Amino acid sequence: MSPCSNNCNLGDDQICLGCHRSIDEIIDWSNMGTDQKMKILERCNASASLNENDTRAILG
């Protein structure tokens with residue numbers, strides 16, 4: 001299953017603002033093994049948490 005959130009929009013760093021994957025990770029997703037997908041998901045979840053904390057700090 002893909003982590004796509006249907007909010008496909010690349011930021012300046014070429015990382016999707018919706019799922020937090022790089023364009024290469026998005027393209028290669030269906031060809032990746034389970035271990036590789038799990039590593040990407042762990043990084044994406046950490047990135048999403050950081051972005052959420054940044055938003056909270058900005059909004060107060």
Side-chain angles (χ1 to χ4, degrees):
M1 177 171 218
S2 169
C4 180
S5 64
N6 292 320
N7 181 22
C8 304
N9 191 358
L10 293 179
D12 293 336
D13 57 1
Q14 298 301 298
I15 300 295
C16 179
L17 299 175
C19 68
H20 305 281
R21 293 179 293 165
S22 71
I23 190 69
D24 290 333
E25 291 168 339
I26 293 167
I27 291 169
D28 294 337
W29 186 258
S30 62
N31 297 319
M32 292 180 185
T34 302
D35 289 343
Q36 192 174 12
K37 288 179 179 180
M38 292 302 294
K39 288 178 185 176
I40 291 169
L41 289 174
E42 288 172 8
R43 183 191 45 77
C44 291
N45 288 335
S47 178
S49 294
L50 286 175
N51 289 340
E52 185 177 313
N53 289 336
D54 290 344
T55 302
R56 286 184 187 160
I58 291 168
L59 296 177

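These numbers were taken from a predicted model, which means no experiment stands behind them.
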Listed pairs under 3.5 Å, donor-acceptor, residues 23-32 side chains, sequence neighbours left out:
unit_1, atom_1, unit_2, atom_2, d
Glu25, OE1, Ser22, N, 2.8
Glu25, OE1, Arg43, NH2, 2.4
Glu25, OE2, Arg43, NH2, 2.8

Please list every donor-acceptor pair under 3.5 Å in which a side-chain atom of residues 1-19 meets a protein atom from a residue at least two apart or in another chain.
unit_1, atom_1, unit_2, atom_2, d
Ser2, OG, Cys4, N, 3.1
Ser2, OG, Arg21, NH2, 3.4
Ser5, OG, Gly18, O, 3.3
Asp13, OD1, Ile15, N, 3.1

Between atom CG of Leu41 and atom CE of Met38, what is the distance when rounded to the nearest 0.5 Å?
->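 Interatomic distance, Leu41 CG to Met38 CE, rounded to 0.5 Å: 6.0 Å.
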
